[in-house]
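Right, one structure below, let's go through it.
Reminder, nothing fancy here: chain letters follow the sequence lines and each chain counts from 1. Treat the numbers as computed from the prediction; the structure is a model and nothing was measured.
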Protein chains: 2
Amino acid sequence: MMELRHLRYFVAVARHLSFTAAAESLGVAQPPLSQQIRDLEAEVGTALFERTTRRVALTRAGIDFHAQALAILEKSGEAMARARAIGAGAAGIVNVGLTGSMLAGPLGRAIRDFDIAYPDVDLRIHEMSPDRQIAMLKAGQTDISFLRSPPPDADLVSVRAWRETVTLVLPTGHSLASTAVIDLADLSQERFVFLRLSDSLFAKYLWACCVEAGFIPNITHEVVEAASLTSLVAAGLGIAIIPEFVARLAHADVVYRPVAGKTISADVHALWVRERAGPLIGNFLALIRAEA
Amino acid sequence: MMELRHLRYFVAVARHLSFTAAAESLGVAQPPLSQQIRDLEAEVGTALFERTTRRVALTRAGIDFHAQALAILEKSGEAMARARAIGAGAAGIVNVGLTGSMLAGPLGRAIRDFDIAYPDVDLRIHEMSPDRQIAMLKAGQTDISFLRSPPPDADLVSVRAWRETVTLVLPTGHSLASTAVIDLADLSQERFVFLRLSDSLFAKYLWACCVEAGFIPNITHEVVEAASLTSLVAAGLGIAIIPEFVARLAHADVVYRPVAGKTISADVHALWVRERAGPLIGNFLALIRAEA
DNA sequence: TCCAATTGATATCTTTTGAGTATGGGTGGG
DNA sequence: CCCACCCATACTCAAAAGATATCAATTGGA
């Protein structure tokens with residue numbers, strides 16, 4: 001059975017056109033080299049060298065085989081190097097699931113840093129709704145996803161990637177639009193747009209903050225995507241409290257105001273399937289933490 | 001050192017996702033298989049399988065390596081098959097040198113037959129002057145050449161490929177143009193165009209035929225290419241005796257007449273460098289002889 | 001023309017390593 | 001909780017690769 005050794009030996013003899021010289025370059029004695037070439041020729045079924053005791057030359061079959069052998073040896077080395085790089089987390093593909101409003105924060109900078117630090121890694125961004133992100137993760141179509149306060153799930157690992165502060169969003173004509181310092185308790189009579197309470201831990205947390213401030217928020221609409229909140233506010237359907245980085249996506253017709261008093265924070269979590277966690281996920285998270 | 005065996009074993013395990021099943025399909029026991037995979041992983045430097053005692057799965061590095069390994073194994077088999085085919089004379093490249101006037105005869109049909117019989121052989125035709133053909137042969141740029149009566153050469157093997165009869169070429173207005181039977185002796189007072197006597201054995205042979213017929217030909221021009229003779233006759237510079245197949249290339253302004261009496265024949269020889277003679281040359285010549 | 005030097009092939013012995021057998025350990029199913 | 005299945009480990013054996021010594025053939029030079 002042909003082995004790469006045969007090819008290595010063959011290439012050496014073809015390069016030197018001398019068994020003695022090739023053997024020396026390979027660090028073996030000449031007779032075993034002759035033996036291996038002989039075995040190779042028997043396996044291939046035709047002579048690859050024309051040899052007199054004085055000159056060694058490639059046959060036509062040998063010339064063709066030499067080109068093939070070089071390619072095979074190179075490909076073998078490449079395959080090992082690639083596998084090694086992937087194993088070490090320096091190469092491969094990472095499919096990242098996220099919502100569009102996520103890129104304005106540390107994640108956007110981390111992606112840029114990652115491209116520079118790991119040029120052999122193909123980082124693919126998939127912008128999706130939060131529930132679709134969960135589905136894609138479980139289907140194995142994405143490797144990691146970033147969500148604001150996702151529901152707990154037994155199959156998924158969830159760690160906090162970074163924490164954002166929040167900001168109040170008001171329509172431009174709102175009575176508080178020109179007020180500099182607004183406390184949460186000042187909003188007790190307002191109508192609110194919220195993230196959907198059933199799957200957003202952040203929404204539940206906000207609710208609790210309102211209750212603590214002494215009122216139950218009057219929620220007129222619940223949406224799934226954080227960036228949609230701003231649009232609803234602009235449409236005059238209520239006011240909202242949104243993560244700071246979402247506010248980076250500027251919108252006419254609204255104004256942003258900090259919320260005074262107790263600090264309200266929005267956590268972004270990274271999620272992945274435990275069994276599919278490759279070394280790249282760790283590398284990526286490390287970069288995000290460096291940016292946050 | 002990685003060998004093809006490692007790849008074969010790896011691919012088998014990847015296919016079955018089971019060491020036991022893979023070992024059975026390979027015809028080896030399971031422990032050596034485990035050992036070889038272990039060695040491979042050590043060589044590559046990263047795990048290729050994730051194995052519990054219950055399930056075997058490819059790692060990310062393993063998935064990539066599997067694709068590479070399949071490609072390498074396929075390429076290895078191909079390389080062997082190709083070399084074997086070339087060695088057996090069923091594949092490769094044959095560079096054929098010839099003059100344009102040669103293709104009208106058995107050679108043209110043999111080339112067609114050869115393309116059908118040996119589809120993996122690339123037959124390349126190089127149309128050249130006779131002396132250039134000799135130079136190309138010696139330089140190793142062509143493998144075989146076809147010449148009418150070439151000069152003997154110690155470096156070259158020369159065998160008769162086929163024999164053609166000859167025909168007399170006259171300008172249309174010639175006094176013998178309407179004569180049915182013409183004997184060589186009738187031409188003693190004519191002006192002739194000949195192939196160059198210094199390198200054409202055929203020309204020397206024709207000269208000898210004329211002498212035998214009782215006259216010394218009055219040669220007005222000597223050329224190198226047989227097809228040129230017809231053009232010179234058409235131009236009224238003399239008459240010529242040319243190989244039969246050259247007459248296939250019809251020309252206005254000339255008429256062809258057989259030469260009565262002793263049969264005059266033109267031999268076409270195949271030439272090649274003895275050391276560079278591959279099996280394809282023999283195959284090609286066999287087809288030509290079948291057509292002749 | 002002949003001798004010496006060089007090179008590849010052959011024979012034999014040694015060493016390496018791949019393969020087989022026996023067995024242990026861990027996990028999932030009944 | 002135990003059994004069965006599967007991969008890993010330990011040990012032995014055989015096959016094959018490698019080393020050494022030697023032969024045969026060819027070429028270059030005297």
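Checking B/L73, B/V44, B/I37, B/L70 one by one against B/F10, the side-chain contact (heavy atoms from CB on, under 4.5 Å) holds for a single residue, B/I37.
The main-chain N or O of A/S129 is never found under 3.5 Å from a side-chain atom of A/T99 such that the two would form a donor-acceptor pair. Between the A/S76 side chain and the A/I72 main chain, a donor and an acceptor come within less than 3.5 Å of each other.
Taking atom CD of A/E43 as the reference point, atom P of D/dA16 lies 12 Å away to the nearest angstrom. One atom, CG of B/D39, and another, C1' of D/dA8, lie 13 Å apart when rounded to the nearest Å. Between the CD atom of A/Q30 and the P atom of D/dT22 there is a distance of 15 Å, rounded to whole Å. Between the CE atom of A/M1 and the P atom of C/dG18 there is a distance of 15 Å, rounded to whole Å. Atom CZ of A/F49 and atom C1' of C/dT7 are 15 Å apart (whole Å). The distance between atom CG of B/L33 and atom P of D/dC7, rounded to the nearest whole Å, is 10 Å. The CG atom of B/L26 sits 15 Å away from the P atom of C/dG18 (whole-angstrom rounding). As a whole-Å value, the separation of B/R8 CZ from C/dG18 P is 13 Å.
Within the 4.0 Å cut-off from OP1 or OP2 of C/dT7, not a single side-chain nitrogen or oxygen of A/R51 is found. Taking 4.0 angstrom as the limit, A/Q36 places a side-chain polar atom (N or O) nearer than this to OP1 or OP2 of D/dA17. Within the 4.0 Å cut-off from OP1 or OP2 of C/dT7, not a single side-chain nitrogen or oxygen of A/S18 is found. Look at A/T20 and you won't find any side-chain N or O under 4.0 angstrom from OP1 or OP2 of C/dT6. OP1 and OP2 of D/dC7 both lie 4.0 Å or more from every side-chain N or O belonging to B/S34. For B/R55 and D/dC6, the shortest distance from a side-chain N or O to OP1 or OP2 is not below 4.0 Å.
Relative to the side chain of B/R5, the nucleotides D/dA19, D/dT9, C/dA19 differ in distance, and C/dA19 lies closest. Of the candidate nucleotides C/dA19, C/dG8, D/dG18, C/dG8 has the atom lying nearest to any side-chain atom of A/F19. When distances are taken from the side chain of B/V56 to each of D/dC7, C/dA19, D/dG18, the shortest belongs to D/dC7.
Between B/R60 and A/D143 there is a salt bridge, since a side-chain N of the basic residue sits under 4.0 Å from a carboxylate O of the acidic one. Salt-bridge annotation for B/E43 and A/R84: absent, with no side-chain N of the basic residue lying under 4.0 Å from a carboxylate O of the acidic one.
Heavy atoms of B/Y9 sit under 4.0 angstrom from primed sugar atoms or phosphate atoms, though from no base atom.
Counting atom types as modelled, A/Q35 pairs no side-chain N or O with a base atom of D/dA17 as donor and acceptor under 3.5 Å.
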